Asker: 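Mind looking over this structure? Questions follow.
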Protein chains: 2
Amino acid sequence: MIWNNMTSEATPNPVCDDALVGFHKHDHKNCVETALTTAEARCKQEGLRLTPVRRKVLEMLLQEHRALGAYAILDALREEGFGSQPPVAYRALDFLVKNGFVHKIERLNAFVACSHPGADHSPAFMICRKCDAVAEAQSAPAKGILGAAARATGFEIERTVVEAEGLCPSCTEKA
Amino acid sequence: MIWNNMTSEATPNPVCDDALVGFHKHDHKNCVETALTTAEARCKQEGLRLTPVRRKVLEMLLQEHRALGAYAILDALREEGFGSQPPVAYRALDFLVKNGFVHKIERLNAFVACSHPGADHSPAFMICRKCDAVAEAQSAPAKGILGAAARATGFEIERTVVEAEGLCPSCTEKA
DNA sequence: GCTCGCAATGTTATACAATCACACTGAGGG
DNA sequence: CCCTCAGTGTGATTGTATAACATTGCGAGC
């Protein structure tokens with residue numbers, strides 16, 4: 001039911017290695033811990049401060065393994081005794097997004113933990129319109145027709161949002 | 001080919017100023033009227049109802065020639081004597097988006113008139129992070145690496161959001 | 001004509017998303 | 001020791017979007 005990490009050949013080093021996590025069991029606890037440890041190491045290495053709030057938000061997103069809205073995150077922070085006003089969540093999310101630990105899904109106004117942290121990548125997402133599952137893949141939009149258009153006109157691409165909406169395998173079956 | 005319009009938020013009263021557009025001069029009044037006529041024709045042909053509210057919203061987006069937020073549109077509707085509550089604007093926008101007259105820019109939570117109405121296309125956008133100008137181009141995301149990932153996992157792509165963020169030529173020069 | 005059904009509109013209220021402004025704290029660095 | 005500054009806590013506000021329900025207007029069919 002939870003179809004949260006639809007990995008594929010196109011996604012080489014995902015946090016949760018098992019394909020189609022939602023369909024099969026996997027050692028989720030372990031995958032969360034690994035990701036957290038990795039994040040801590042990277043922060044230490046790069047002089048970033050993975051403070052309690054930030055760590056908690058990252059942990060939650062890894063744990064849930066799906067896209068969460070800012071206010072869902074905020075609710076959880078409140079229950080953990082952190083500040084309960086929107087800026088608390090947004091500041092943590094800003095940090096995590098800026099440093100590549102988390103991605104924002106523009107289409108859902110929601111956030112999801114990165115599946116290939118550390119890798120320098122421009123992510124693409126597949127979003128199921130029925131169950132809201134989100135899977136991360138890679139993209140190379142600047143190489144296609146869009147890149148050609150940008151070069152032709154002098155537009156400098158810095159970042160791209162690529163989000164595909166459709167039906168996940170699980171929801172396709174049901175239909 | 002692609003760079004149909006690069007409009008700028010800095011133009012409160014849009015006259016298709018080619019200093020700002022920079023790439024493509026055109027007769028804006030004429031282009032608005034043509035687009036409206038075309039839209040009306042298409043609606044008639046397909047049995048769609050381009051009602052006064054919907055027509056007004058489309059006209060406004062064509063006129064402004066840039067991305068507008070829902071509430072900016074709502075304000076304008078109010079001044080024209082239409083209903084002034086959010087659903088009025090959102091319903092009209094839903095209709096226009098669903099039928100391809102208008103696109104939503106997810107990154108900006110804003111709406112822009114389609115540059116190639118009628119054409120069956122999956123649009124891509126270039127958004128200047130400095131002046132919020134938006135240009136529409138074509139994309140073919142399902143053909144690249146993302147399409148491969150989708151096929152590999154059984155994901156059925158129905159729609160794609162492709163939005164590039166960066167600097168438009170005009171803002172690049174200034175920097 | 002009537003009324004049933006249906007699409008569109010109007011309206012109230014509310015949920016969710018994001019930012020502003022300002023105060024406070026606590027860990028370095030001079 | 002004091003200062004700075006990043007991070008955090010808090011209240012308030014603005015912007016975006018939808019739920020729920022009442023109303024209107026119009027065509028299909030009796």
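Order of the sequence lines sets the chain letters (A, B, ...), proteins ahead of strands, with each chain counted from 1. Model, not experiment: these values are computed from the prediction. Values below: every heavy atom of this structure, side chains too, minus hydrogens, waters and symmetry copies.
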Asker: For A:Y71 and C:dT14, give me the distance from atom OH to atom P, rounded to whole Å.
Answerer: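 Value for this atom pair: 17 Å.
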Asker: Under 4.0 Å, heavy atom to any atom of DNA chain D: which of residues 81-97 of chain A qualify?
Answerer: A:G83, A:Q85, A:P87, A:V88, A:R91
Asker: Name the residue from B:K130, B:R107, B:R129 that meets the salt bridge (Lys or Arg N to Asp or Glu O under 4.0 Å) definition with B:E165.
Answerer: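 It is B:R107, the one option of B:K130, B:R107, B:R129 that forms the salt bridge (Lys or Arg N to Asp or Glu O under 4.0 Å) with B:E165.
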Asker: Under the side-chain contact (heavy atoms from CB on, under 4.5 Å) criterion, do A:C168 and A:C131 qualify, and how do the steps go?
Answerer: CA-CA 8 Å; A:C168 72; A:C131 68; 3.8 Å; yes
Asker: Are the side chain of A:R78 and the backbone N or O of A:G83 linked by a donor-acceptor pair below 3.5 Å?
Answerer: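 Looks like no, no N/O pair under 3.5 Å.
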Asker: Roughly how many Å is it from CG in A:L74 to P in D:dG11, rounded to a whole number?
Answerer: 13 Å
Asker: Does the ring centre of A:H103 sit less than 6.0 Å away from the ring centre of A:F125?
Answerer: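 Yes - the distance between ring centres of A:F125 and A:H103 falls below the 6.0 Å cut-off.
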Asker: Does B:R42 qualify as a cation-pi partner of B:F101, given the criterion of NZ or CZ under 6.0 Å from the six-membered ring centre and within 45 degrees of its axis?
Answerer: yes
Asker: From the options D:dG9, D:dA17, C:dT9, select the nucleotide whose nearest atom is closest to the side chain of A:V53.
Answerer: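 The nucleotide sitting nearest to the side chain is D:dG9.
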Asker: Which whole-number value in Å describes the distance from A:E80 CD to D:dT8 P?
Answerer: 15 Å
Asker: Using only side-chain N and O atoms of A:N109, determine if any of them is under 4.0 Å from OP1 or OP2 of C:dA18.
Answerer: yes
Asker: I need the NZ-P distance between B:K104 and C:dA17, as an integer number of Å.
Answerer: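 Taking NZ of B:K104 and P of C:dA17, I get 12 Å after rounding.
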Asker: Pick base, sugar-phosphate or nothing for A:R78, based on heavy-atom distances below 4.0 Å to the nucleic acid.
Answerer: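 Nothing: the residue A:R78, judged by heavy atoms under 4.0 Å, touches no strand.
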Asker: Write down the distance between CG (A:N99) and P (D:dA6), rounded to a whole number of angstrom.
Answerer: 15 Å
Asker: Evaluate the criterion salt bridge (Lys or Arg N to Asp or Glu O under 4.0 Å) for residue pair A:E40 and A:K44; output intermediate values, then yes/no.
Answerer: CA-CA 6 Å; A:E40 270 169 353; A:K44 196 164 193 177; over 6 Å; no
Asker: Taking only the side-chain heavy atoms of B:R49 (C-beta and beyond), determine which of D:dT8, C:dT9, C:dA7 contains the nearest atom.
Answerer: C:dA7
Asker: Separation of A:L77 atom CG from D:dG7 atom P, in whole Å?
Answerer: 16 Å
Asker: Nearest whole angstrom, please: distance from the P of C:dA18 to the CD1 of A:I105.
Answerer: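 Taking atom P of C:dA18 as the reference, CD1 of A:I105 is at 12 Å.
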Asker: Any idea how B:H28 and B:H65 line up, ring-wise: parallel (<30°), tilted (30 to 60°), or perpendicular (>60°)?
Answerer: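 Aromatic pair B:H28/B:H65 classed tilted.
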Asker: Report the distance from atom CG of B:L108 to atom P of D:dA17, rounded to the nearest whole Å.
Answerer: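 Checked: the CG to P distance equals 11 Å.
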